[in-house]
Amino acid sequence: QVPLVESGGGEVQAGASLRLSCAARLSPYMPFCMGWARQAPGKEREVIAVIDQDGTTEYAVSVQGRFTISKDGDKRTLSLQMNDLKSEDTGMYYCAAIRRYLGMKCTVGITNFELWGQGTQVTVPS
């Protein structure tokens, strides 16, 4: 079974909203830092939003105020609400997770997520 499966991508016009979901098959007995990353054409993958075990969130500057990350209580579904979409939001969006070990900070600066989904494409024509 694939631990992370994204859905909800598509093509929308600029200014529209889209909601991505990630079905997560993770142990309910271990804490995780979870997040969303995206990869635009010709660019490196970047983490744009994370949510810690206690619900604390952090966002990349590029999406701050427009995107909202959330998860249900037992980590079974991770969501990304995207509002006021722009052409620069076009890319492949990935769900990711890493076990929350002592001393680790759950931030958009994480580069070593342990688990990745297969991605879902979001296209916002210019």
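Just so you know, these numbers come straight off a predicted model, no measurement behind them.
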Compare all side-chain heavy atoms of [X] with those of [Y] and state whether any distance is below 4.5 angstrom.
X: Glu58; Y: Cys106; answer: no
X: Asp52; Y: Arg100; answer: yes
X: Trp36; Y: Val63; answer: no
X: Val122; Y: Met82; answer: yes

Co-membership, hydrophobic cluster, residues [X] and [Y], 4.5 Å side-chain:
X: Tyr101; Y: Ile51; answer: no
X: Leu78; Y: Leu80; answer: yes
X: Met104; Y: Trp116; answer: yes
X: Leu115; Y: Leu20; answer: yes

Shortest non-hydrogen contact from [X] toward [Y]:
X: Leu26; Y: Met34; result: CD1-CE, 3.8 Å
X: Glu11; Y: Pro125; result: OE2-CG, 3.3 Å
X: Cys33; Y: Ile110; result: SG-CD1, 3.6 Å
X: Ile69; Y: Thr57; result: CG2-CG2, 3.6 Å
X: Arg45; Y: Tyr94; result: CD-CD1, 3.6 Å
X: Leu85; Y: Val124; result: CB-CG2, 4.0 Å

Exercise. Taking only residues two or more places apart in sequence or in another chain, which ones pass side-chain contact (heavy atoms from CB on, under 4.5 Å) with Ser79?
Worked result: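 Partners of Ser79 by the side-chain contact (heavy atoms from CB on, under 4.5 Å) criterion, ordered by chain and then number, come out as Arg19, Ser21, Ser70, Thr77.
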
Looking at [X] and [Y], would you say the former's side chain and the latter's main chain have a donor-acceptor pair under 3.5 Å?
X: Thr120; Y: Gly9; result: yes
X: Glu6; Y: Gln118; result: yes
X: Gln53; Y: Phe32; result: yes

Exercise. With under 30° as parallel and over 60° as perpendicular, where do the rings of Tyr93 and Phe67 fit, or are they tilted in between?
Worked result: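 Taking Phe67 first and then Tyr93, their aromatic rings sit tilted (interplane angle of 30° to 60°).
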
Problem set entry | Spacing of Gln13 atom CD and Ser126 atom OG [to the nearest 0.5 Å] |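 Taking CD in Gln13 and OG in Ser126, the distance rounds to 10.0 Å.
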
For this session: Mind checking the CG-CG spacing from Asp89 to Leu18? Nearest 0.5 Å is all I need.
Result: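 If we round to the nearest 0.5 Å, Asp89:CG and Leu18:CG are 10.0 Å apart.
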
Exercise. Who are the salt bridge (charged side-chain N to carboxylate O under 4.0 Å, His left out) partners of Glu46, not counting sequence neighbours?
Worked result: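 Glu46 satisfies salt bridge (charged side-chain N to carboxylate O under 4.0 Å, His left out) with Arg38 only.
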
